[in-house]
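To start, the structure itself, in C-alpha cells.
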Protein chains: 2
Amino acid sequence: MQDNITRILKAVADPTRREIFHALVVAATALPITQISNQFEISRQGVTKHIKTLEEAGLVEINSQGRERFCMANPKPLKQVNRWLKFYEQFWDDAIGNLEDYLGQKA
Amino acid sequence: MQDNITRILKAVADPTRREIFHALVVAATALPITQISNQFEISRQGVTKHIKTLEEAGLVEINSQGRERFCMANPKPLKQVNRWLKFYEQFWDDAIGNLEDYLGQKA
DNA sequence: TATATTTGCAACCATATAGTTGCATATTAA
DNA sequence: TTAATATGCAACTATATGGTTGCAAATATA
C-alpha cells in the first residue's frame, strides 16, 4: 500500500478511528470486537474494518481466544508521528526567527 | 467538511502533500505555485489541489501578487497534532506501567 | 444436540480522493 | 498590440474509503 508513517497518519486521520483507538487506550485492557462495537453507532462490520486499518498501522494488536478476538491499543507507532512533527516544532512558534535558526545551522 | 484536527491530519496523511509542505517549509520563503509544481512530477493542477487542501488545514498561506500566488508554509496548526499526540505519549514507552499511572491519577 | 454468540468474508453502495486534460482569463513582457 | 506566463475552473477518470447488509463458520451454552 504505502509507507509506514503514511499508514499511521491515514489511520488516525479518521475521527471514528481515533475514537476507537482512544477507547481502547483508556480501556486499559484487551476488548473483544463486539464489545468495542457496542460503544459505537456504526455496525460491527464498520468497526471491524476500522480496527483492521488500525492493526495494519500497528496501533492495535489482536489476540484470538476461542471465538473472540481481543483488541488492545498499542500507541508506540505514534512515536513515528512525533518524530515527523519534531522537525517542524522549531518553526511553529516564531516561524521566521526559527527558520533563520535552522538555515543558520545548515550553513 | 469536518473538524480541525481531522482536516490537519488528513492533509498531512498524503505523502505528496507532506513533500509539498516540507518543500515550502525549507524554502524559507513564499513561492508561486508554478515554481512549486516544477519540483514535482505531477501536473500543476495536481499540485494546486494539494496546496488548496493544505491551505484549508491552515498549513499554507497564500498571498496574491499580480498574476502569481505566493504560497508560504505555516507549521502552527501542527501544534494541534502535537497536543493530540501528547495524551498518548504517556503510554507509548511502557504501555502497561504508564497506563496504570494514568488510571491511578484518575482514581 | 440444538441454539445462541462472535466473528470473517463477500458483495454492494455512495462519496471522497488523487490525479488528469482542456480551456478561459488575467497579468506581464516584447 | 501581440505573445507569453501564471493561474483558476470545470469535467472527467480511476481508485480508495467508510459504510452497509447477508450469510457461513466456528465456538460456547442450554
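Within every chain, numbering begins at 1; the chains are lettered A, B, ... in the order of the sequence lines, protein sequences first and strands thereafter.
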Measure from [atom1] on [X] to [atom2] on [N] and round the result to the nearest Å.
X       : N      : atom1 : atom2 : answer
B/Leu9  : C/dA16 : CG    : C1'   : 17 Å
B/Ile20 : C/dA18 : CD1   : P     : 11 Å
B/Asn38 : D/dA6  : CG    : C1'   : 11 Å
B/Glu19 : C/dA18 : CD    : C1'   : 14 Å
B/Leu31 : D/dA6  : CG    : P     : 13 Å
A/Asp14 : D/dA16 : CG    : C1'   : 13 Å
A/Ile51 : C/dT7  : CD1   : C1'   : 11 Å
B/Glu68 : C/dA29 : CD    : C1'   : 13 Å

Any side-chain heavy-atom pair from [X] and [Y] closer than 4.5 angstrom?
X       : Y       : answer
B/Gln39 : B/Ile20 : no
B/Trp84 : A/Arg18 : yes
B/Val26 : A/Phe91 : no
A/Asn4  : A/Gln80 : yes

*Just checking, any donor-acceptor pair under 3.5 angstrom between side chains of B/Arg7 and B/Thr53?*
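No, no side-chain donor-acceptor contact under 3.5 Å.
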Would you say [X] places a side-chain N or O within less than 4.0 Å of OP1 or OP2 belonging to [N]?
X       : N      : value
A/Thr53 : D/dT17 : no
A/Ser37 : C/dT7  : no
A/Thr16 : D/dG19 : yes

*In terms of side-chain heavy atoms of B/Arg17, which of C/dA18, C/dG19, C/dG8 is nearest?*
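Within the option list, the nearest is C/dA18.
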*asked:* Under 4.0 Å, counting only non-hydrogen atoms across every strand here, what does B/Thr48 touch: a base, just sugar-phosphate, or nothing?
replied: sugar-phosphate
*More 5' along DNA chain C: A/Lys10 or A/Ile33, using each one's nearest nucleotide?*
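Closest to the 5' end, via its nearest nucleotide, is A/Ile33.
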Every protein N/O within reach of nucleotides 20-26 of chain D N/O, cut-off under 3.5 Å:
unit_1 : atom_1 : unit_2  : atom_2 : d
D/dT20 : OP1    : A/Ser43 : N      : 3.2
D/dT20 : OP2    : A/Ser43 : N      : 2.8
D/dT20 : OP2    : A/Ser43 : OG     : 2.5

*asked:* So that I can tick it off, tell me whether A/Glu89 and A/Lys86 are bridged by a salt bridge, with the cut-off set at under 4.0 angstrom between side-chain N and carboxylate O.
replied: yes
*With a 6.0 Å cut-off on ring centres, are A/Phe87 and B/His22 close enough?*
yes
